[in-house]
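Report on the following structure.
Each chain gets a letter, A, B and so on, in the order the sequences are listed, and its residues count up from 1. Remember, it's a predicted structure, so these values are computed and weren't measured experimentally.
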Amino acid sequence: MEESRIGVFICHCGRNIAGTVDIKKVVEEVKKLPGVVYVKDYIYMCSDPGQKLITEAIKREKLNGVVVAACTPSLHYETFARAVEAGGLNRFRYEMATIREHSSWVHFHDKEGATEKAIRIIAGAVAKVSQNKPLEPIRGKVTKKVLVIGGGIAGMTAALDLANAGIPVILVEKSPTIGGKMAMLAETFPTLDCAQCILTPKMAEVARHPNIKLYTLSEVIDIEGFVGNYRVRILKHPRMVDPDKCTVCSFCERVCPVKVPNEFDRGLSMRKAIYIPFPQAVPSAYAIDTEHCTKCGLCVKVCPVKAINLDEKEEIIEEEVGAIIVATGYDLYPGERLKEYGYGKYKNVIDSLQFERLLSTSGPTGGQIVRLSDGKPVKDIVFIQCAGSRDENHLPYCSKICCMYTAKHALLFKEQVPDGNVYIFYIDIRAAGKGYEEFIKRVQEEFHVNYIRGRVSKIYEDEDGKLVVIGTDTLTGEELTIKADLVVLALGMIPTLDRDLAAKLKVPQDEYGFAQEVHPKLRPVEVATTGVFVAGAVQGPKDISETVTQASAAASKALQMLLYGEITREPVIAEVDRDRCNGCRICVSICPYDAISMVDGKAKVNELVCEGCGACEAACPVDAIKLRNYTDQQLHTVIKAVLSR
Amino acid sequence: MSNELYRKIVEISGRNPYLCYQCGTCTAVCPVSVFMDVKPHQIIRYIQLKRIDLEKLKSIWTCLACMACVDRCPRHVDPGIIFEAVRNLVLRRGEDAVDYFKLKDLDKVPTMALIALSRKMTG
Ligand SMILES: Cc1cc2nc3c(=O)[nH]c(=O)nc-3n(C[C@H](O)[C@H](O)[C@H](O)COP(=O)(O)OP(=O)(O)OC[C@H]3O[C@@H](n4cnc5c(N)ncnc54)[C@H](O)[C@@H]3O)c2cc1C
Ligand code: SF4
Ligand code: SF4
């Protein structure tokens, strides 16, 4: 091996390091370390002139190893790696020594100790880098196709963005139509555009886009492979109606004898076993609810275009994709769990999505707000915010959108019933979006809505069929009793990402079941598995504009990967010494990324899947797996170097 | 002084008054809050502010210790438990909150009520 010529670059980080660590002393001591031929300190090593010091010294001093003693690799690894490369040196012949977070910041009260510790940290890095092998990134091919799971506004937006960039998209939706929850909404805050008017054109665009292959009534059941190269299996449930033939004449619906609650109206109306969720559904075709269909065959007889086939079987489709976007959306928290409000017990206690259906001109009442018990007009209405949210007994988190949609509900109610009385129970009003505070103000100013800061204790029905709502106004400290015709619960949002699917996609979930992003600020649409992205309410409570923003972000992240044409991965991964491996399979079972398989009786690491966590190296009983540049021998030298002063 | 009281209340109750976000659920569900001049959520507020004037907070004696508020408090502040702690502080000084000699029609009071009364109001 050639002789070590290591350069050490010590950053003052203004006073962050130099204020505690005696830089002069560090420079002196580091000069004495074996292999070190050049030491330089500078006030801000990450600045342009600082980086230049590194680049130039590598060339001038013919350095074959570099240590930058500064902040942390998570902050500036990349910055200095580029400077090292600019100097013509392989980036794996460079290491950082964290003397800020690990020394000056935590030992600011002990200057001498901090200085000593900084020297030891640098000694360790010097020992390590002198044994580092130069490595090249690993490259692999990428299938230029994306799978999008969930056809709500998030999935549709991501699919359209990708398709418009020329990328083929497979869009999988489990219900008979795309559109998601947004299709159920009447008008949308803060601008009050009608949801259907802005959504249905997009749905139609998805339907006719040559780059989008849409599978409705379908689920992803299996995912194999790795970033850039996923093989997915899709289970397509029988629709029993050929969407290409169906003309939506509705003859079938009229003859079908089976009636079930209509989920699109959240049970406020009935539908038949052969149904179309709403007239603008995409695909524009009826579907048979196989669970409730009795196969009486009446519909088959009346269908003028012979579109119905009651013997259609489910189908399994295989697709190959390079990236996956998860956009499975949300559901409302089950209202029955809030016993005190009588949801599910009293007909006139409804949830917020049911109220959207009442407001919708295409809804069960044609947009008329009525008492569900007797169809009489509603004069007094109570809204309860934070129904389930911000409550340790239910959902500890804030669902974020309820303040806004409740204000919208109040406004739309007052527009229809100008002499009606609105009472909104709230804890805080959270309206922190563009135009949101103005919207709340308008509701208060123009519509004189009674915002009551307090909670409801219980609701019961009196003899006249009015709901008696008992609560507290915390601002007056007084008890309140309101007689209401309708009570609307602003139920919290819960994610619809079942554990099974999350496990197959290796998408981590947070404690509430939302998809867990890699970094809430800097990498909000990526998850720990490379090549899988998240968008919409499945990642956290969101309104439409945030959902759309995130969906476009996810699409652009996927695009980035696909357009580059190949994936490059960090080469600091595990490597098997096939002569040593005894085929015990312990590593296979321990690898959290399923990166190891047995080939000809010996372990083999898939270079594109391995994340370099090192679990296998620690577990291998015969020392056959090594993590590149983190071999036992290297680590022992590092430990010795740190301890040897 | 109030700091010391605060420390003791937290120690006895094991609850954290700082978690209270003044939603008022406790007051809403309390069956006797209408008889209190300072309401449950307000008592918690005074405790949070460490302005603990036992004379002012005397509605802790109106509290039935039914624990309805404990059942529903969304932040697990559990006012009923905290009020129990405040009552304990007073009772431990040997100051009973009820004078047995002044009780009328003892024989007409349900036994349960009598037991509850002595448990809650006497040291
Ligand atoms: C009462 C109410 C009123 C609202 N009003 C407004 C408003 O005025 N303005 C506003 O900006 N926002 C509003 N919102 C919020 C809005 O509904 C959401 O922001 C938006 O719908 C989120 O879109 P999404 O695509 O992430 O999820 P969703 O709309 O839930 O779509 C998810 C889709 O994925 C499908 N899916 C689920 N699981 C699977 C699976 N395993 N496989 C395949 N497909 C699957 C679902 O069937 C669905 O089609 C309101 C919400 C509520 C509850
Ligand atoms: S219910 Fe709990 S959080 Fe709400 S005001 Fe009472 S003590 Fe505070
Ligand atoms: S425990 Fe006391 S304060 Fe709480 S609800 Fe019961 S009576 Fe009211």
Are the side chains of B/Met121 and B/Trp61 in touch, meaning some heavy atoms are under 4.5 Å apart?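 They are in contact (side-chain heavy atoms under 4.5 Å apart), so the answer is yes.
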Are side-chain heavy atoms of A/Lys483 and A/Asp462 found at a separation under 4.5 Å?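 Sidechains of A/Asp462 and A/Lys483: in contact.
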If contact means a heavy atom pair closer than 4.5 Å, which residues of residues 382-402 of chain A contact chain B?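 Residues in range: A/Arg390, A/Asp391, A/Glu392, A/Asn393.
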Side-chain H-bond candidate by donor/acceptor type, [X] with [Y], under 3.5 Å:
X	Y	result
A/Tyr341	A/Asp351	no
B/Gln22	B/Arg45	no
A/Arg453	A/Thr474	yes

Quick one: which of A/Glu479, A/Lys458, A/Glu340 has the most heavy-atom pairs under 4.5 Å with chain B, could you say?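 Heavy-atom pairs under 4.5 Å are most numerous for A/Glu340.
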Within the 6.0 Å centroid threshold, strictly below: A/Tyr451 and A/Tyr426: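 They qualify: ring centres under 6.0 Å apart.
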